[in-house]
Each structure stands twice: as structure tokens, then as C-alpha cells.
Amino acid sequence: IKTNHFGTYEEFIQKQTYFTEDKYVIKASEGAMSVGVELSKNKLDLRKKIKSISNSKDFKLDLKDKLRSFKHQGYIQESSNRKKYIIQNFIPNLINDWKIIIFGDKFYMFYRATRDNDFRASGSKKFTFNDDLPIPDGIFNLAKKVFDSFDTPHLSLDIVFDGYNFHVIEFQFLYFGTIGHTKSESFFKKINNKWERIYENLDLEEVYVDSIVKFIEKENSK
């Protein structure tokens, strides 16, 4: 996944020549259940969707800013499209993603099918848990590699497979959903260099606190 970060609509306009494809995924800097996630149809639609997602208009603040331009010669007005967003390349023909929630050494996972006639899996409510869960080889090794690269006690990952390679399309450290834990009857753990499935129901509070305690212990041992 190639991710480009932007702070304003105008910043994209300055760099728009780098985006030569028609389809790109645009994501607002905040949101859930795929709110603020759009797919462009063409270059014109890309600019239109970016302008909408980055819209930060405020009548009072914008009016004050406009008055400043009259009062102070050479004053440059603030952009009215300054909500942060990212642009990612689009991977076609995906039918699902895997959500992996990591609490320390415990990996919870579930399968999310894409919505009907839509590229998004988040919020589809077409989820698969437990023994019916398809588990592709190598997905936990990737998840652990990403988790180990950050200094954090817990992490939520969205991973897709294009038929050849895995891609991490999104991750969260805070404010991520916990349905992957509450609906799961087991978790995965790497034991003796092998991924083992452990059938055990643990309270969310227990798993959450345990991951933080182990994180603090690891930090203190450095």
C-alpha cells in the first residue's frame, strides 16, 4: 500500500500530477465503520471527494479570516479545507479483509466480507468468527512483525490479501472496536515458534490490563 498524507485540499492540488490513476481510496483522519472512506471514479471525482472530506468551513471563523485579509496587506487566508486525510492506491477484486486485534502476546482475529457492491469491509456486518474462520498462512507472522515494530501494548490491524501478497491497509492504537475479542472463543499465540490456537474466554478488561502490565515490565527491563 502506498499512502500519501495531506493536511489541506490545496496541498493535494500542488501534487495532483503524481496521481495518474482514476481509482484511489481516500480516508479521513478520523472515523469508524467506513465513514470518511471513499473510492474515486476518475481524476475529477478524486478532487471532488477530497474537497468534501477535507472540508473545514466555519462561517464565523472564515469571516474573521477574510476580514484579516482586508486589514493586513499580504495576509494569506487559511484554507477552508484543512481536515487531514490520506490517499492510498486501490487494490481491486478484494472480497474481504482480516481484522486482527493484538493484546500483548494474544492475537484475536475475525474475517470481514466486503459490503454488497462495495469495496469496503468495515461496517459490513458480514463477519466470520471462531472455527469457521479462514486463516491464510503467514498472516500472523506479518501481524507480529508490524506489532513488534511499534512500542505499544496493543494494536488493531486491517489486513488484505491480493492473491500474492498481504497488505496492511489500516491500523489503530486507540479507540478501536473490540468485537474481535468479545465474539471470539479463542485467541492465537506464538509458542515454540509455532502459532497455537488457545480456546479460552478471557474478560476484555483482563486482557487489556495484562497487555499493559507486560508492556511496562518490558520497558522497565530495558
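Nothing here was measured: the structure is a model prediction, and the numbers come from that model. Residue numbers run from 1 in the order of the sequence given.
No side-chain heavy atom of Pro136 sits under 4.5 Å from any side-chain heavy atom of Phe161. Between Asn96 and Arg112, every side-chain heavy-atom pair lies at or beyond the 4.5 Å cut-off. At least one side-chain heavy atom of Phe103 sits less than 4.5 Å from a side-chain heavy atom of Leu204. For the pair Ile91/Val25, no side-chain contact is recorded, criterion being any heavy-atom separation below 4.5 Å from C-beta on. Looking only at side-chain heavy atoms (C-beta outward), Ile212 and His154 come within less than 4.5 Å of each other. A 4.5 Å side-chain heavy-atom check between Ile86 and Ser29 finds every atom pair outside the cut-off. Counting heavy atoms from C-beta on, the side chains of Ile26 and Val37 never come closer than 4.5 Å. Contact of the Lys183 side chain with the Asn130 side chain is not registered, since no non-hydrogen atoms from C-beta on lie closer than 4.5 Å.
Note on Tyr85 and Phe19: same hydrophobic cluster, where clusters join Ile, Leu, Val, Met, Phe, Trp and Tyr whose side-chain heavy atoms are under 4.5 Å apart, directly or indirectly. Residues Phe129 and Leu133 do not share a hydrophobic cluster, clusters being chains of Ile/Leu/Val/Met/Phe/Trp/Tyr side chains in contact below 4.5 Å. Hydrophobic clustering, with ILVMFWY side chains joined whenever heavy atoms are under 4.5 angstrom apart, keeps Ile87 apart from Ile1. When hydrophobic clusters are built by joining Ile, Leu, Val, Met, Phe, Trp and Tyr residues whose side-chain heavy atoms come closer than 4.5 Å, directly or via intermediates, Leu94 is not grouped with Ile100. Following chains of ILVMFWY side-chain contacts shorter than 4.5 Å, one cannot reach Tyr199 starting from Ile191, and the two form parts of different hydrophobic clusters.
Between the side chain of His181 and the backbone N or O of Leu202, at least one donor-acceptor pair lies under 3.5 Å. Checked by atom type and distance alone, the side chain of Asn192 never pairs as donor or acceptor with a backbone atom of Lys194 at under 3.5 Å. No donor-acceptor pair under 3.5 Å is formed between the side chain of Asp97 and the backbone N or O of Ile159. Using modelled atom types, one side-chain atom of Asp118 and one backbone atom of Arg120 make a donor-acceptor pair closer than 3.5 Å. A distance-only check finds no donor-acceptor pair linking the side chain of Trp98 to the backbone of Ile135 [under 3.5 Å]. In this structure, the side chain of Tyr108 does not engage the main chain of Ile179 through any donor-acceptor pair within 3.5 Å. When atom types are taken as modelled, the side chain of Ser54 and the backbone of Arg82 share no donor-acceptor pair closer than 3.5 angstrom.
Atoms CZ and CZ, on Phe127 and Phe110 in that order, are 5.0 Å from each other to the nearest 0.5 Å. Expressed to the nearest 0.5 Å, how far CZ of Arg197 lies from CZ of Phe188 amounts to 4.0 Å. Here Ser186 contributes atom OG and Asp131 contributes atom CG; the two are 7.0 Å apart, rounded to the nearest 0.5 Å. If you take CG on Leu155 and CD1 on Ile102, they are separated by 5.0 Å, rounding to the nearest 0.5 Å. With rounding to the nearest 0.5 angstrom, the CD1 atom of Ile101 is 12.5 Å from the OH atom of Tyr208. The CD atom of Gln14 lies 7.0 Å from the CD atom of Glu11; values are rounded to the nearest 0.5 Å.
Ring geometry for Phe107 versus Phe140: interplanar angle over 60°, hence perpendicular rather than tilted (30 to 60°). Between Phe90 and Phe119, the ring planes are perpendicular. Angles over 60° get that label, and only those under 30° would be called parallel.
The two residues Arg115 and Ser122 come nearest to each other via the heavy atoms NH2-O, 3.0 Å. Shortest non-hydrogen contact noted between Lys51 and Asn81 is O-ND2, 2.8 Å. Here the closest heavy-atom approach between residue Gly104 and residue Ser211 is recorded as N-CB, 3.6 Å. Taking both residues in full, the closest heavy atoms of Asp162 and Asn165 are given as OD1-N, 2.6 Å, listed atom of the first, atom of the second, then distance.
Using a 4.0 Å cut-off between charged side-chain N and carboxylate O, Lys190 and Asp105 make no salt bridge.
Contacts classified as side-chain hydrogen bond (donor to acceptor under 3.5 Å, both in side chains) and involving residues 134-144 (residues at least two apart or in different chains) are given here: Asn141-Trp195, Lys144-Asp148. Sorted by first and then second residue, the pairs that involve residues 23-38 and meet salt bridge (charged side-chain N to carboxylate O under 4.0 Å, His left out), not counting sequence neighbours, are Lys27-Glu170.
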Report the C-alpha distance between Glu185 and Asn201 in whole Å, list the side-chain angles of each, state the deciding distance to 0.1 Å, and finish with yes or no for side chain to side chain contact (heavy atoms under 4.5 Å, CB included). CA-CA 6 Å; Glu185 298 171 353; Asn201 289 316; 4.2 Å; yes

Does the pair Lys99 and Leu157 meet the rule for a side chain to side chain contact (heavy atoms under 4.5 Å, CB included), with working shown? CA-CA 6 Å; Lys99 168 73 80 171; Leu157 295 169; over 6 Å; no

For Asp45 and Arg47, run side chain to side chain contact (heavy atoms under 4.5 Å, CB included): C-alpha distance rounded to whole Å, both residues' side-chain angles, the deciding distance at 0.1 Å, then the answer. CA-CA 5 Å; Asp45 189 50; Arg47 292 196 295 271; over 6 Å; no

Decide side chain to side chain contact (heavy atoms under 4.5 Å, CB included) for Leu46 and Phe12; before the verdict, give the C-alpha distance in whole Å, the side-chain angles of both, and the deciding distance to 0.1 Å. CA-CA 10 Å; Leu46 175 61; Phe12 164 76; 3.8 Å; yes

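Other residues, nucleotides and ligands contribute only 12 or fewer heavy atoms inside 6.0 Å of the NZ atom of Lys41. Annotation: Tyr175, atom OH; neighbour count of heavy atoms from other residues, nucleotides and ligands within 6.0 Å does not exceed 12.
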